[in-house]
Amino acid sequence: MAPSMTSMEASIGNESKVASIKTLADSAALTSVPSEYTYTKNPNDMGDANDPEHSIPIIDFALLTSAYPDQRAQMIQKLGRACQEWGFFQVINHGVPESLMEAMVDACQRFFELPEEEKKEFQTRNLLDPIKCGTSFNVAIDKVRLWRDYLKVSLEFSKRTRAVATEILSGISESLGLESDYIAKAMNWDRGLQILAANYYPACPQPDLAIGIPPHTDHGLVTLLIQNDMCGLEVKHNDKWVLVNSAPGSFIVNVGDQMQILTNDKYKSIWHRATVNNTATRISIAVPHGPALDTPTLPIPELLEREGETAKYIGMTYEKFMELQASPAAYMVPCLDHLRVKDN
């Protein structure tokens with residue numbers, strides 16, 4: 001997911017311009033993907049979704065927070081391996097009611113189904129506006145327009161999600177041999193930024209020629225994601241794109257760029273993308289969690305000393321990093337490479 005996404009206008013032949021992909025997808029005139037949305041994927045890069053090696057790890061939240069030290073220790077060890085080998089994992093038994101998750105998806109769908117006029121007031125260019133909607137990343141610099149609309153808003157659902165993210169962050173700290181609250185304190189987690197981004201991917205007449213969100217990494221520390229019953233998230237693992245099949249009621253969690261910087265590349269922020277289908281609408285809700293906006297992220301000194309490494313990244317505040325990710329510079333060179341020490 002990328003911040004600072006602006007509303008998009010697309011033309012259907014000689015028809016008047018439209019403001020969202022939903023309007024385009026609902027048009028009776030649409031029988032193929034317009035050229036400005038065409039995105040080519042390499043079928044040879046796809047992994048076998050049925051291969052057990054292509055199943056993302058599962059973290060049992062109940063065991064991660066268990067009062068029994070042995071159970072917790074085993075799950076923390078598994079969490080560390082997941083962060084190091086995959087950068088993605090599922091979280092089950094997290095305590096957030098499935099009914100609440102479903103209601104959140106339903107609420108977002110109702111928003112996307114509103115008339116365009118009612119959504120216009122939320123179409124804004126400001127990076128940190130509390131509520132905004134649109135469709136592409138940045139139409140001024142996008143090479144391909146995206147087959148999705150999005151909504152960013154803070155709701156009650158975010159509180160429950162943040163509680164889960166906090167425990168995951170504690171587990172990650174311990175998996176690195178640090179105190180459970182080390183990362184939270186270092187990143188000023190109590191003032192940290194949380195974003196809720198709902199994505200609407202309508203059915204596409206030619207899904208092989210379009211993309212929901214192109215390959216990207218997330219800017220924060222960890223992102224938690226839920227979706228309706230349509231799959232579409234693909235993760236780059238061992239140079240293959242793997243379709244993520246999540247268990248009902250689970251969170252899909254991934255490590256973000258700030259975590260990769262903190263761990264000096266030990267835990268990787270993995271490339272992932274959102275694909276589309278020609279069957280039904282997919283809705284996903286991603287909730288990235290990051291440091292406080294004014295907090296610079298640097299490799300953890302204790303880890304550098306223990307591993308005998310030098311820092312691979314220079315520091316940058318989270319706000320500046322988000323601005324970088326939304327800029328044309330990020331289209332030329334990945335954000336992390338902008339911060340990477342040249343000798344590394």
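One-based numbering along the sequence shown. From a predicted model like this one, the values you see are computed outputs, not experimental measurements.
- One hydrophobic cluster, built from ILVMFWY side chains closer than 4.5 Å, cannot hold both M230 and Y201; they sit in different ones.
- Residues H338 and A330 approach most closely at NE2-N, 4.4 Å, considering heavy atoms.
- Y37 is listed as a side-chain neighbour of I21, based on a closest heavy-atom distance under 4.5 Å.
- Ring-plane geometry between H216 and H272 is classed as tilted, the angle between the planes lying from 30 to 60 degrees on a 0 to 90 degree scale.
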task: Please report the C-alpha distance between H289 and L221 in whole Å, then the side-chain angles of each, then the deciding distance to 0.1 Å, and finally whether the side chain to side chain contact (heavy atoms under 4.5 Å, CB included) criterion is met.
output: CA-CA 6 Å; H289 298 78; L221 289 163; 5.6 Å; no
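- Here CD1 of I283 is found 10.0 Å from CG of D229. Values are rounded to the nearest 0.5 Å.
- Residues Y267 and L176 meet the side-chain proximity criterion, which asks for heavy atoms closer than 4.5 Å.
- A chain of hydrophobic side-chain contacts below 4.5 Å, direct or via other Ile, Leu, Val, Met, Phe, Trp or Tyr residues, connects L224 to L100.
- Hydrophobic clustering (ILVMFWY, side-chain heavy atoms < 4.5 Å, transitive): F321 and V341 are in one cluster.
- Checking side-chain atoms of Q90 against main-chain N and O of A247 turns up a donor-acceptor pair under 3.5 Å.
- Using a 4.5 Å cut-off on side-chain heavy atoms (C-beta onward), L30 and L24 make contact.
- No side-chain donor-acceptor contact under 3.5 Å links D218 to the backbone of G220.
- In this structure the side chain of K268 never reaches within 4.5 angstrom of the side chain of V255, judged on heavy atoms.
- Between the side chains of Y200 and S20, no donor N or O sits under 3.5 Å from an acceptor N or O.
- Proximity of a side-chain donor or acceptor of S170 to a complementary backbone N or O of T166 within less than 3.5 Å is detected.
- Side chain of E234 to backbone of W241: no donor-acceptor contact under 3.5 angstrom is found.
- With hydrogens and angles ignored, the 3.5 Å screen pairs a side-chain donor or acceptor of K41 with a backbone N or O of A210.
- What you find for H94 and S250 is that their closest heavy atoms are NE2-CA, 4.0 Å.
- With hydrogens and angles disregarded, no donor-acceptor distance shorter than 3.5 Å links the side chain of T217 to the backbone of D257.
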task: Give the C-alpha distance, both sets of side-chain angles, the deciding distance and a yes or no for side chain to side chain contact (heavy atoms under 4.5 Å, CB included) between N254 and I270.
output: CA-CA 8 Å; N254 66 282; I270 299 298; over 6 Å; no
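- Defined by atom type and a distance below 3.5 Å, a donor-acceptor pair is missing between the side-chain atoms of T65 and E167.
- Taking each heavy atom of T295 and P291 in turn, the nearest pair found is CB-CB, 4.2 Å.
- Within 6.0 Å of CG on D239 lie no more than 12 heavy atoms contributed by other residues, nucleotides or ligands.
- Not one N or O on the side chain of N93 forms a donor-acceptor pair closer than 3.5 Å with the backbone of L63.
- A donor-acceptor pair is defined here as one N or O able to donate and one able to accept, closer than 3.5 Å; no such pair exists between the side chain of N264 and the backbone of I300.
- C108 places a side-chain heavy atom less than 4.5 Å from the side chain of I285.
- Counting heavy atoms from C-beta on, the side chains of H237 and F88 never come closer than 4.5 Å.
- Two rings, from H219 and Y318, have their centers less than 6.0 Å apart.
- A continuous path of ILVMFWY side-chain contacts below 4.5 Å connects W271 to M46, so both sit in one hydrophobic cluster.
- M316 and I314 fall within the same hydrophobic cluster, where Ile, Leu, Val, Met, Phe, Trp and Tyr residues are linked whenever their side-chain heavy atoms come under 4.5 Å apart, directly or through other members.
- The number of heavy-atom neighbours closer than 6.0 Å to CD of E179, taken from other residues, nucleotides and ligands shown, is 12 or below.
- Distance CG/N277 to SG/C231: 9.5 Å, rounded to 0.5 Å.
- The two residues K119 and L114 make their nearest non-hydrogen contact at CE-O, 3.3 Å.
- One finds no salt bridge joining R110 and E113 here, because no Lys/Arg side-chain nitrogen approaches an Asp/Glu carboxylate oxygen to under 4.0 Å.
- The distance from atom OG1 of T297 to atom CD1 of I183, rounded to the nearest 0.5 Å, is 10.5 Å.
- Taking NZ from K312 and CG from L339, the interatomic distance works out to 14.5 Å, rounded to the nearest 0.5 Å.
- Ion pairing between D294 and R191 holds under the 4.0 Å rule for side-chain N and carboxylate O.
- Across L225, L196, V253, V164, a single residue satisfies side chain to side chain contact (heavy atoms under 4.5 Å, CB included) together with V287, and that is L196.
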- request: Before giving the answer on side chain to side chain contact (heavy atoms under 4.5 Å, CB included), spell out for R160 and M104 the whole-Å C-alpha distance, their side-chain angles and the decisive distance to 0.1 Å.
  value: CA-CA 12 Å; R160 299 294 295 268; M104 188 67 218; over 6 Å; no
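- When side chains are defined from C-beta on, M75 does not count as touching F61, because their heavy atoms never get closer than 4.5 Å.
- Scanning both residues, P202 and T281, for their nearest heavy atoms gives CA-OG1, 3.6 Å.
- With rounding to the nearest 0.5 angstrom, the CG atom of L169 is 11.0 Å from the CD atom of E174.
- Using a 4.5 Å cut-off on side-chain heavy atoms (C-beta onward), Y313 and L336 make contact.
- In plain terms, the two heavy atoms of I76 and G171 that are nearest each other are CG2-O, 3.7 Å.
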query: How far apart are the C-alpha atoms of F89 and R81, what are their side-chain angles, what is the distance that settles it, and do they pass the side chain to side chain contact (heavy atoms under 4.5 Å, CB included) test?
result: CA-CA 10 Å; F89 49 92; R81 287 198 306 270; over 6 Å; no
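- Residue Q206 holds its CD atom at 8.0 Å from OG1 of T38, rounded to the nearest 0.5 Å.
- The backbone N or O of S269 lies less than 3.5 Å from a partner atom in the side chain of Q260, making a donor-acceptor pair.
- Put simply, the side chain of K78 never gets that close to the backbone of I59: no donor and acceptor are under 3.5 Å apart.
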